[in-house]
Amino acid sequence: MTLSPLAGKVAPQALLTNVPRLVAYYYEKRPDVKDPAQRVAFGTSGHRGTSLDGSFNEAHILAISQAVAEHRAAAGITGPLYMGLDTHALSEPAWLSALEVLVANGVRVRAQPGFFTPTPLVSHAILNHNRAGTGDVADGIVITPSHNPPQDGGFKYNPPSGGPADTDITRAVQNRANELLAGGLQGVQRVPLEEALAALDPFDFVTPYVSELGQVIDLEAIRAAGVRIGVDPLGGSSLSVWEAIRDLHGLNLTIVNERIDPQFAFMAVDKDGKIRMDCSSPYAMAGLLRLRDDFDVAIGNDPDADRHGVVTASGLMNPNHYLAVMIDYLFQHRPGWRAEAGVGKTVVSSALIDRVAAGLGRRLVEVPVGFKYFVEGLLSGSLGFGGEESAGASFLRLDGRAWSTDKDGIIAGLLAAEITARTGQTPSQRFAALTERYGETAYAREDVPANAAQKRVLANLSPEQVTATTLAGDPITAKLTRAPGNGEPIGGLKVTTDAAWFAARPSGTEDVYKIYAESFKGEAHLREVLAEAREVVDAAFRVGGAE
């Protein structure tokens with residue numbers, strides 16, 4: 001991908017979203033149910049789209065909310081539903097639409113009126129409620145498209161496990177929602193907004209989460225060491241949480257950006273010329289990077305705070321690098337965790353994690369892309385940590401109980417401060433030590449054009465269709481179409497050697513497939529791996545009749 005000349009620069013006026021138009025389209029545009037792009041589609045993180053092209057409109061939210069209410073009734077979920085939202089322009093309209101439907105269906109909705117609520121706080125609230133054992137289990141919804149551009153909206157459902165819903169739930173909700181759309185929303189129950197707001201059960205998400213942080217992070221060590229922490233919420237829902245953390249726990253913490261703006265006009269443009277609140281991108285994080293020498297550790301979050309970015313004097317850490325550092329530190333500094341607690345990673349995360357886990361003597365659980373695959377392990381304590389290469393992670397409390405079963409960018413950021421306080425080294429310095437022990441890696445991701453037929457072939461490959469025996473000069477040790485950690489389909493292919501690997505997966509939203517690759521032999525070898533990966537996939541296309 002060619003780097004945009006705007007990358008790392010503050011967004012110009014021409015890139016800013018017309019918010020009134022966006023909201024007007026949310027209410028006025030009717031999706032065409034004959035167009036697959038305008039139907040409800042749950043990916044790895046819920047349904048996403050924009051009102052401008054008919055993929056995220058009021059009709060979608062009314063239908064999804066009714067489908068969720070019906071799912072709750074069928075599943076016997078009678079407790080409260082905890083509902084959060086982020087700062088995207090479409091989040092509040094969607095939140096209000098969902099509330100009208102949920103209340104009409106007799107659902108007791110708990111939310112924090114007048115406040116944005118991040119994803120990890122919703123997960124934390126669900127788990128706390130269900131741990132109390134009152135008999136009526138709770139679940140939750142977060143209205144968010146995560147780090148996506150300002151014109152996007154998103155809807156995530158978290159069942160009583162507290163984390164992202166598994167495929168069996170999302171498929172049922174998706175299918176029922178599309179039935180309702182096709183039927184002109186007949187069957188959707190709804191009350192007027194005033195009635196819905198009157199029925200809302202006000203709930204303080206921030207206080208319990210912030211007051212319990214000492215159960216998952218060594219705040220005393222951070223405070224005693226005087227670690228200088230900078231935080232940029234990137235205009236997201238974590239702002240009030242970071243303010244409470246600073247005030248309640250007395251940390252040396254400075255919030256460098258307090259702006260909330262649905263246009264995200266303050267953002268630096270991402271590498272492709274789009275506004276994207278991606279805290280793992282050095283271009284989107286340009287503002288915080290300019291301040292890196294002012295702090296020992298600086299932290300960024302995306303709008304719903306399920307992702308983290310960690311900045312030290314060395315710059316913004318690669319998400320894969322920081323995952324490895326977190327794992328190495330946590331499993332040596334959490335004596336309250338079970339001895340058999342494993343390390344969870346996705347198939348496209350760094351193989352350095354495999355080596356770190358082996359060095360720690362910990363079981364590695366490698367799963368497909370999607371945080372939902374870590375939920376049960378974190379809930380039971382059989383996983384101490386679950387992490388994705390896209391800068392999403394969560395881990396257990398000090399005593400081995402679940403903290404959140406969804407990604408939590410707040411605790412991931414605070415852990416960088418704890419590491420600095422307790423070891424006297426920044427996470428970047430800790431990573432350098434890991435590479436000395438386990439080897440230095442080169443990692444890349446590329447998008448390759450692919451039509452619908454090619455994407456279908458790639459998504460349904462069998463290992464036998466891959467005829468190659470070597471990759472970039474080394475014998476192939478595995479050809480995987482299912483994740484070794486749980487046997488679930490990875491929706492593509494992963495090929496490994498002792499020194500490198502690549503994975504190829506079709507995009508669910510674009511006419512491309514994504515290649516992820518890594519080499520322990522350097523950048524030149526990585527380029528060989530990427531080139532041969534494209535050849536392997538092209539050969540599979542020929543075998544599958546989709547050249």
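All values reported here derive from a predicted model rather than from experimental measurement. Atom set for the values below is all heavy atoms of this structure, side chains included, hydrogens, waters and symmetry mates excluded.
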Stepwise ring-ring contact (aromatic ring centres under 6.0 Å, His included) test for His88 and Phe264: CA-CA 9 Å; His88 278 78; Phe264 293 90; 5.4 Å; yes

Arg176 vs Glu70, salt bridge (Lys or Arg N to Asp or Glu O under 4.0 Å): CA-CA, chis, key distance, verdict: CA-CA 9 Å; Arg176 176 56 176 152; Glu70 292 175 8; 2.7 Å; yes

Polar side-chain atom of Ser350 near backbone of Asn320 as donor-acceptor pair, under 3.5 Å: no

Residues which pass side chain to side chain contact (heavy atoms under 4.5 Å, CB included) with Pro159, listed by chain and number, not counting sequence neighbours: Tyr157, Ser161, Ala165, Ile169

Val188, Val173, Leu102 screened by side chain to side chain contact (heavy atoms under 4.5 Å, CB included) with Gln66, the one that passes: Val188

Donor on one side chain, acceptor on other, Ser349 and Thr346, under 3.5 Å: yes

Plane angle bin for Tyr513 and Phe541 - parallel if under 30°, tilted between 30 and 60°, otherwise perpendicular: perpendicular

Partner set under salt bridge (charged side-chain N to carboxylate O under 4.0 Å, His left out) for Asp139, not counting sequence neighbours: Arg72

Val68 to Ile141 - nearest heavy-atom pair and separation: CG1-CD1, 4.2 Å

Ser462: partners by side chain to side chain contact (heavy atoms under 4.5 Å, CB included), with sequence neighbours left out: Glu464, Gln465

Between Tyr82 and Phe203, ring centroids under 6.0 Å: yes

Test side chain to side chain contact (heavy atoms under 4.5 Å, CB included) applied to Val191 - qualifying residues, sequence neighbours left out: Val103, Ala104, Glu195, Ala196

Neighbour count >12 (heavy atoms, 6.0 Å) for atom NZ, Lys479: yes

Check: His308 ring centroid to Tyr322 ring centroid under 6.0 Å: yes

Arg362 and Glu340 ion-paired at < 4.0 Å: no

Exercise: do Asp136 and Thr134 side chains pair donor with acceptor under 3.5 Å: yes

Electrostatic pair Glu518:Arg445 at N-O distance under 4.0 angstrom: no

CZ (Arg131) with more than 12 external heavy atoms under 6.0 Å: yes

For Tyr25, ring-ring contact (aromatic ring centres under 6.0 Å, His included) partners two or more places apart: none

Name of the residue among Asp86, Thr144, Asp152 meeting side-chain hydrogen bond (donor to acceptor under 3.5 Å, both in side chains) with Ser91: Asp86

Pairs meeting criterion salt bridge (charged side-chain N to carboxylate O under 4.0 Å, His left out) with involvement of residues 31-60, two or more places apart: Glu58-Arg190

Closest heavy-atom pair and its distance - Asp302, Ser146: OD2-OG, 2.9 Å

Nearest heavy atoms of Pro150 and Gln263, plus distance in Å: CG-O, 3.7 Å

Between Ser4 and Tyr283: side-chain donor-acceptor atoms closer than 3.5 Å: no

Met326 versus Ala393, closest heavy-atom pair with distance: CE-CB, 4.0 Å

Tyr443 OH: over 12 foreign heavy atoms closer than 6.0 Å: yes

Asp406-Asn158 side chain donor-acceptor pair, cut-off 3.5 Å: yes

Sub-6.0 Å ring centroid separation between His124 and Tyr209: yes

